[in-house]
Every structure is written in C-alpha cells, then in structure tokens.
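I'd like to ask you about the structure that follows.
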Amino acid sequence: MTAGSDPFRFVVAVPLRWVDVDVAGVVNHAVYWSLIEQARYEYFARLGLIGGDVPPFLMGEASCRYERPARRGDALRIAARVARLGGRSFEMHYEVRRDGERIAVAKALLVWVDAEMRSCDLPAAARSAIAAFEGIAERGG
C-alpha cells in the first residue's frame, strides 16, 4: 500500500486479553469478531451515532478470511469502514492488522433497527454522517 492509498479512514488499536489465546499462544478465530465488534462500536461512537449499550443495528451476515495467525503479545489494530449504504442496511469492511500487515479481512452486512428490533430505514442524519466521513454516496446499489 502506498501512502494515501489506504481506503480505511478509521483505524483503532484493540488490545488482546490473555483469554483470547489458546495454549499454543494463537488467537482463536472467534476472537477476531470480538475485536471487530469493539472497533465497530468505536467507529460509530466517534461519528456520534451510538451511545449506551444498545446499538441501533443488528448483524445480518458476516464473513472473515484469516490470512495469518495472531499470537499472544501482538499489538493489533482494526481498520473499519462503511463501504455501502442501502435503504435499511449497510455493508462494513474490516482489516485486522499487525505491524501494518493485514492478517485478516472481514465484511458484514448490518441492518438498522427500531426500538422493537424491527428493520427500518437508516435515519437521514446517520446516512449523511457516514457518507460524509467515508466520502461515499448516501445510497449505494
């Protein structure tokens, strides 16, 4: 990656805990999702779109490709971005990085929900804030 070519505008350090690794010192595959969840929360908190303990969206679909193992003592950073905004859902992309090297890549489809946990349209303020931060269209295909 050349300077300025990183498509991720949000990168956060997410520390590993001793319980995140197995007896061989390797991070369990499920832990990556906990790290990604923390990064997603911080992303939306930074944009001022989330507060408290209940996020305004639910996971609809997720996938992850593990490219290299993370190990005890690694300093991991999670890059997160909204890649596409739909009517009621949005797609996020993630990279788990160690010392600037990508070790996992993931994506998730998230669905905006109301207080009764039913899908609803993304609020205009959220749509505008995300689109402005990411430099993407307010509604993608």
Side-chain angles (χ1 to χ4, degrees), residues 1-115 117-141:
M1 231 181 301
T2 59
S5 68
D6 191 345
F8 292 90
R9 297 177 181 196
F10 180 85
V11 181
V12 64
V14 181
L16 288 172
R17 303 164 303 161
W18 71 271
V19 298
D20 294 336
V21 297
D22 62 21
V23 294
V26 175
V27 175
N28 181 280
H29 70 280
V31 170
Y32 286 80
W33 284 107
S34 294
L35 301 174
I36 288 168
E37 290 280 342
Q38 185 62 40
R40 182 170 43 246
Y41 180 88
E42 292 185 33
Y43 174 99
F44 283 97
R46 181 165 306 165
L47 291 180
L49 298 174
I50 195 170
D53 295 329
V54 181
F57 44 80
L58 297 173
M59 181 74 68
E61 183 178 326
S63 66
C64 187
R65 185 176 69 237
Y66 307 96
E67 298 176 344
R68 306 227 184 322
R71 299 188 178 278
R72 180 179 296 127
D74 283 350
L76 299 181
R77 297 179 62 77
I78 310 297
R81 71 184 181 101
V82 172
R84 184 189 60 79
L85 292 165
R88 294 175 174 240
S89 64
F90 57 100
E91 184 176 305
M92 289 195 76
H93 294 180
Y94 310 93
E95 287 185 357
V96 179
R97 299 173 177 175
R98 174 185 55 220
D99 298 325
E101 172 191 29
R102 185 177 78 188
I103 63 171
V105 60
K107 66 180 177 177
L109 179 69
L110 295 119
V111 179
W112 209 272
V113 295
D114 62 18
M117 297 295 176
R118 293 179 305 216
S119 68
C120 64
D121 290 339
L122 272 74
R127 182 182 298 284
S128 295
I130 295 165
F133 178 74
E134 293 292 355
I136 61 173
E138 285 195 25
R139 189 150 190 152

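If you read the sequence from its start, that first residue is 1, and numbering goes on from there.
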CZ (Arg46) with more than 12 external heavy atoms under 6.0 Å: no
message: Side chains of Glu67 and Glu101, heavy atoms from C-beta outward: is any pair under 4.5 Å?
response: no
- prompt: Ion pair present between Arg81 and Glu134, side-chain N to carboxylate O less than 4.0 angstrom?
  reply: no
task: Take Leu76 and Ile103 through the test side-chain contact (heavy atoms from CB on, under 4.5 Å) and record every step on the way to the result.
output: CA-CA 9 Å; Leu76 299 181; Ile103 63 171; 3.8 Å; yes
- request: Starting from the C-alpha separation in whole Å, work towards a yes-or-no answer on side-chain contact (heavy atoms from CB on, under 4.5 Å) for Phe57 and Leu49.
  value: CA-CA 11 Å; Phe57 44 80; Leu49 298 174; over 6 Å; no
- prompt: Hey, is CD on Glu61 packed in by over 12 heavy atoms from elsewhere, all under 6.0 Å?
  reply: no
- line: Residues Asp74 and Arg98: closest non-hydrogen pair is OD2-NH1, 3.0 Å
task: List the atom of Tyr32, the atom of Arg68, and the distance in Å for their closest heavy-atom pair.
output: OH-O, 3.5 Å
query: Considering all heavy atoms of both residues, which atom of Ile50 and which atom of Ala45 are nearest to each other, and what is their separation?
result: CG2-N, 3.1 Å
message: Counting C-beta onward and ignoring hydrogens, is there a side-chain heavy-atom pair between Phe8 and Arg77 closer than 4.5 Å?
response: no
message: So which atom in Glu138 and which in Ala131 form the shortest heavy-atom distance, rounded to 0.1 Å?
response: CG-CB, 3.5 Å
query: Step by step, would you call Leu110 with Arg40 a side-chain contact (heavy atoms from CB on, under 4.5 Å)?
result: CA-CA 11 Å; Leu110 295 119; Arg40 182 170 43 246; 3.7 Å; yes
query: Taking all non-hydrogen atoms of both residues, which atom of Arg84 and which atom of Ile136 are closest, and how far apart?
result: N-CD1, 4.3 Å
message: So, using ring pair (Phe, Tyr, Trp, His ring centres under 6.0 Å) as the criterion, who are the partners of Phe10 when residues are at least two apart?
response: Tyr43
query: What do the steps show when you test Leu85 against Arg139 for side-chain contact (heavy atoms from CB on, under 4.5 Å), and what is the final call?
result: CA-CA 5 Å; Leu85 292 165; Arg139 189 150 190 152; 5.7 Å; no
Closest heavy-atom pair and its distance - Ser89, Leu122: N-CD1, 3.4 Å
task: Classify the ring geometry between Tyr66 and His29 as parallel (under 30°), tilted (30 to 60°) or perpendicular (over 60°).
output: perpendicular
